[in-house]
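These numbers come from the heavy atoms of this one structure, side chains and all, not from hydrogens, waters or symmetry mates.
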Amino acid sequence: MTTELDNLHNEADGEKAQNLNSQENTQDSTENQPVENENSTPEESPVNTPSEEAEDYKVESHEEEAEEVENVEEEIPFKNYDDFSVAILIGEAKDLLAKHPARKLREHFNQIRDAVKRKLDEEESMKRDAFLEEGGEAADFHYDNPARREFNAVYNDYRRQIDSFYKEQEKNQQENLKERLQIIDELKALYQEQNTENTNIFSIFRNLKTRWHNAGPVPKAQAGNVFKTYFHHLDNFYEYLDFNKELRELDYAHNLQVRESIIKRAEELVGEENVQKALNELQYLHRLWKEEAVPVAEEMREVTWQKFKDLTHKIHDRKAELGEKIKAEQEENLTKKQAILDEIAVLSQNPEKKSHGEWQSGIKRLNTLRENFLAIGRVPKEYNQKMWDAFKAATRDFNHSKNEFYKSLKSEQQTNLEKKQELLRIAKEHANSTDWNASVQVIKRIQADWKKIGHVPRKFSDSIWKEFKDACNLFFDNYKERGNQVNQAFEENFVKKEALLEEVRNFKTQGNAEADLSAVNDFNVRWNSIGKVPAAKMSINQDFNKAINEIVKSLGLSDNEIQDFKMAALVDQIKSGQDGRLLDDEIRKSRKMIDDLEKEINQLETNVGFFANANADSPLLKDVFKQIEEKRSRLVDTEIRLRKLLQIDFNDEVEENQSNQGEEQSED
């Protein structure tokens, strides 16, 4: 009877080659685990009979063989495509198609296609809603997104490569079918046509077995019949050998040599550092033993088989070592991935407390965590899908919180935009204002308000700020120019006043007090009509007043006449200049003087009470009464002055001027 270990050649897999040296290129993969049974028992008959050998081959399938080879290929890592923009997804699709066979990209392209479709549909829906909100009709809406065309081109290229792959595969399978049918015909002729030399028959037979071993898969519909036919004729060939002792011994010798080569390589694999590589190659050695190393002479069957089987057990003993190592690594990877999931969950917490800057930092951190998560190796199989689902859920929660924040931020920014648009409107209203005192306060206020308002949508940020700044700058440029114009006017006024002051200084009285006073009054009117001078040159006003006082004194007038003249000159100055500020100042000064004089008189009268028993001729008492009399006189004059100031009416002055102008025009 045969053991399970004898039959495991049916499931062994490895690189197809004609000698053992090709094993240097055997791929290392954790996916291709050998399946030998470590508890196998020794066989009673170490070599399969031809019928048993043929029966073993009947269950072999090249489809299974291709699948096992596929498992050895490098796994293409998945990414969280839901988080990528459409442009990045298109780039990912192009990159995958450039670096990997299309036949291995089915799941990747399905995920990318679904993500692209969802994002494009969302964008189109937003465009449609905006179109309808602006008053458009649904039937008139049309949105052509270049990104959709670009992705369709990439996806169609992927489909063309897939179709090309299957067409090429079908073509190769047909060629393989022809090759296998040819091998069957040659094998049948080998034992049916008895004209071949015995020395060549085994060389031809071994070549046929090698060709059959290297022939690729055939169409599934023909695979069953083709393999049954091959093993039928293989069985017949072995029966033919039973009748020819010489040929059988030659075959035994060749097969023994192959077994010894296999055993030697197995001995080397016992010390191989890479356990997975050793296990993968061991599968190939069992396949080679089954296909190239049977049968052998009776006395060598048990010896060689037992030696190979012992080496197999030694290599398999290291399989447990590899399994523990892989398990430990996967458990560690599980811990690392769980830590990343916990950190992603923290990033999504308390979104209402996050600012734009904090969210941007969170996004960068999430991208780093995503890369770290994808870079970590496998986890235990029972947790693989759970961890992937948890990772997608965690990133989805983060993105949901992020999107909610930016939606609220967008609403807030729209409100801020409306506030800034209102400030911009006010700034434009005052940009060309000449009401300097009022407008400068308004401009300063709205500038301060502008700083307090938060961000506006990015597409409006630069433009609205430029408009606002230009409006404010225009006002302040005008304000500055106005100041320059005023300063220039003040300088011109100073030149005029210098000329008038020189004229006053050169004035000669005519001996007619009334005419001279009229001239002095005219000087005052002309002086006041000129306007202000630079602050640094205000002393010219004092020089003018001094010159006028000297003229008035030279006229020999009494103090009362001089006071009346000055009062009349002041009233004329106020009326002619419509100078409300000067009028207010003079009224304020007069009232203050009245209050001060009344207090001083009250104080002096109180002091007189202390002299009740004093002599009336006392010099001190006489001086007090004299001061009281002088202050009362000044109080009366000041009250008269105040009444005259309060009686000034600018409206009457305007009406009088208009009346005079009308009379002059009628005379003309």
Side-chain angles (χ1 to χ4, degrees), residues 1-26 28 32-57 60 202 205-206 209-210 213 234 238 241 247-323:
M1 74 181 271
T2 60
T3 66
E4 293 182 27
L5 187 58
D6 293 322
N7 292 324
L8 55 59
H9 307 297
N10 298 327
E11 301 178 33
D13 186 33
E15 294 292 326
K16 298 181 179 72
Q18 295 184 7
N19 56 66
L20 294 178
N21 293 334
S22 65
Q23 295 309 304
E24 298 297 329
N25 297 323
T26 302
D28 179 17
N32 192 18
Q33 299 280 353
V35 295
E36 284 83 347
N37 188 340
E38 298 180 17
N39 300 318
S40 305
T41 57
E43 62 177 351
E44 295 179 1
S45 176
V47 179
N48 293 343
T49 64
S51 59
E52 290 172 332
E53 190 78 37
E55 196 63 34
D56 286 339
Y57 275 99
E60 179 176 295
F202 277 109
F205 175 63
R206 286 193 295 272
K209 290 180 67 178
T210 300
H213 176 72
L234 188 63
Y238 280 124
L241 290 182
L247 291 178
R248 185 168 61 252
E249 290 178 352
L250 287 173
D251 188 33
Y252 286 171
H254 170 75
N255 293 341
L256 179 61
Q257 185 178 4
V258 174
R259 285 195 174 196
E260 290 173 347
S261 297
I262 293 174
I263 291 171
K264 181 180 179 181
R265 180 55 184 163
E267 291 174 342
E268 295 173 355
L269 292 179
V270 172
E272 171 63 46
E273 292 183 2
N274 190 326
V275 179
Q276 186 60 60
K277 179 180 179 181
L279 292 169
N280 289 345
E281 190 169 339
L282 180 63
Q283 289 182 328
Y284 175 78
L285 293 181
H286 274 272
R287 181 186 184 92
L288 191 64
W289 184 285
K290 177 176 62 175
E291 296 180 355
E292 300 289 339
V294 289
V296 295
E298 180 75 24
E299 64 274 12
M300 298 304 298
R301 293 178 184 177
E302 178 63 26
V303 175
T304 54
W305 170 246
Q306 188 62 44
K307 190 171 184 179
F308 182 50
K309 188 165 66 172
D310 291 343
L311 292 171
T312 296
H313 286 313
K314 289 181 180 181
I315 296 174
H316 271 238
D317 289 341
R318 300 186 64 195
K319 178 181 178 181
E321 171 191 335
L322 175 65

Next on the checklist: Among residues at least two apart in sequence or on other chains, which ones pass salt bridge (charged side-chain N to carboxylate O under 4.0 Å, His left out) with Glu272?
Outcome noted: none
Separation of [Y] [atom2] from [X] [atom1] (nearest 0.5 Å):
X	Y	atom1	atom2	answer
Lys277	Leu269	NZ	CG	8.5 Å
Leu256	Glu299	CG	CD	9.0 Å
Lys307	Lys309	NZ	NZ	15.5 Å
His213	Arg287	NE2	CZ	5.0 Å
Phe308	His286	CZ	NE2	3.5 Å
Thr312	Leu279	OG1	CG	10.5 Å

I need the minimum non-hydrogen distance between [X] and [Y], along with the two atoms involved.
X	Y	result
Ile263	Thr304	CD1-O, 3.7 Å
Arg259	Trp305	NH1-N, 4.1 Å
Ile315	Val270	CG1-CG2, 3.9 Å

Item to check | side-chain contact (heavy atoms from CB on, under 4.5 Å) against Glu268, all qualifying residues, sequence neighbours excluded | outcome: Lys264, Arg265
Checklist entry - In terms of heavy-atom contacts, does CD of Gln257 have more than 12 from other residues, nucleotides or ligands at under 6.0 Å? => result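 Check fails, neighbour count at 12 or below.
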Checklist entry - Does the side chain of Leu311 reach to within under 4.5 Å of the side chain of Glu267, using non-hydrogen atoms? => result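 Yes, at least one pair of side-chain atoms sits under 4.5 Å.
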Checklist entry - Quick one: does Val258's side chain get under 4.5 Å of His254's, heavy atoms only? => result yes
Next on the checklist: With a 3.5 Å distance limit and no angle check, can you tell me whether Arg301 reaches the backbone of Val296 through a side-chain donor-acceptor pair?
Outcome noted: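 Side chain of Arg301 to backbone of Val296: a pair is present.
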